[in-house]
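Data block below; observations after.
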Amino acid sequence: MRIDGVREHRGFWITLATAELPTPENPAPLSVRYVWGCDPAAGELAADWYDSNGGRAVQRSAGWVGEELWFLGTITMNGATVPLRDTFTRRGPDAYHHVGEIDLGEGWIPVDEEEAVRATTPRRSRGNLNYC
């Protein structure tokens with residue numbers, strides 16, 4: 001998977017694009033467009049996203065707690081809406097672990113997991129996303 005992100009609109013929003021790489025086992029790879037920002041009225045981080053299969057999600061987070069960030073919300077796909085949880089754990093200044101889970105009524109089921117490492121090493125500020 002390739003992940004690209006950029007700060008936009010004076011640093012108040014981050015857009016992320018993820019794209020699975022095609023393989024013989026995955027000839028129709030998924031791509032997703034994320035928009036992360038802040039809802040100052042609610043004091044929460046906002047994460048909305050859309051994927052290449054017609055799915056969409058709306059999630060919110062209270063922000064970082066130690067080295068973890070949880071986004072909770074819902075995903076709508078194939079006409080059904082179910083609970084969605086994404087957990088990000090910092091592994092260092094340029095790396096994190098991510099687990100995406102859905103709940104089909106019997107508890108959380110992992111559907112996505114990866115380790116991510118920044119391709120370039122320049123450290124940038126975390127922007128305005130922590131002001132919520």
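Since the structure is predicted, the reported quantities are computational estimates derived from the model, not experimental observations.
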Q | Under 3.5 Å side-chain donor-acceptor pair for Glu114 and His97 | A | no

Q. Can you tell me if Glu68 and Thr89 form a side-chain donor-acceptor pair at under 3.5 Å?
A. yes

To the nearest 0.5 Å, how far apart are [atom1] in [X] and [atom2] in [Y]?
X: Ile109; Y: Asp103; atom1: CD1; atom2: CG; answer: 7.0 Å
X: Trp49; Y: Leu84; atom1: CH2; atom2: CG; answer: 6.0 Å
X: Thr15; Y: Arg33; atom1: OG1; atom2: CZ; answer: 6.0 Å
X: Leu16; Y: Ile3; atom1: CG; atom2: CD1; answer: 8.0 Å
X: Ile102; Y: Thr81; atom1: CD1; atom2: OG1; answer: 11.5 Å

Could you report the tightest heavy-atom contact between [X] and [Y], atom names first, then the distance?
X: Gly63; Y: Leu45; value: CA-CD1, 3.9 Å
X: Cys38; Y: Pro40; value: O-CD, 3.2 Å
X: Asp112; Y: Met1; value: OD1-CE, 4.5 Å

Q. When hydrophobic residues are tied together by side-chain contacts of less than 4.5 Å, even through go-betweens, does Met77 share a cluster with Val58?
A. no

Q) Do Val111 and Val82 sit in the same hydrophobic cluster, where Ile, Leu, Val, Met, Phe, Trp and Tyr count as joined when their side-chain heavy atoms come under 4.5 Å apart? A) yes

Heavy-atom side-chain proximity of [X] to [Y] below 4.5 angstrom:
X: Asn26; Y: Glu20; result: yes
X: Tyr34; Y: Tyr50; result: no
X: Thr87; Y: Leu69; result: no
X: Leu30; Y: Asp51; result: yes
X: Val35; Y: Trp13; result: yes
X: Pro83; Y: Trp108; result: yes

(Q) Main chain of Trp70, side chain of Ser61: is a donor-acceptor contact present, judged purely on distance under 3.5 Å? (A) yes

Q.
So does Ser31 get a backbone contact from the side chain of Ser52, meaning a donor-acceptor N/O pair under 3.5 Å?
A. yes

Q: Check Arg56, Gln59, Arg60 against Asp48 for a side-chain hydrogen bond (donor to acceptor under 3.5 Å, both in side chains) and give me the one that passes.
A: Arg60

Q: Not counting sequence neighbours, list each pair that qualifies as a salt bridge (charged side-chain N to carboxylate O under 4.0 Å, His left out) and has a residue in residues 69-87.
A: Arg85-Glu101

Q | Centroid-centroid distance, Phe88 to Trp64, less than 6.0 Å | A | no

Q) Taking everything shown except Arg91 itself, do over 12 heavy atoms lie less than 6.0 Å from its CZ? A) yes

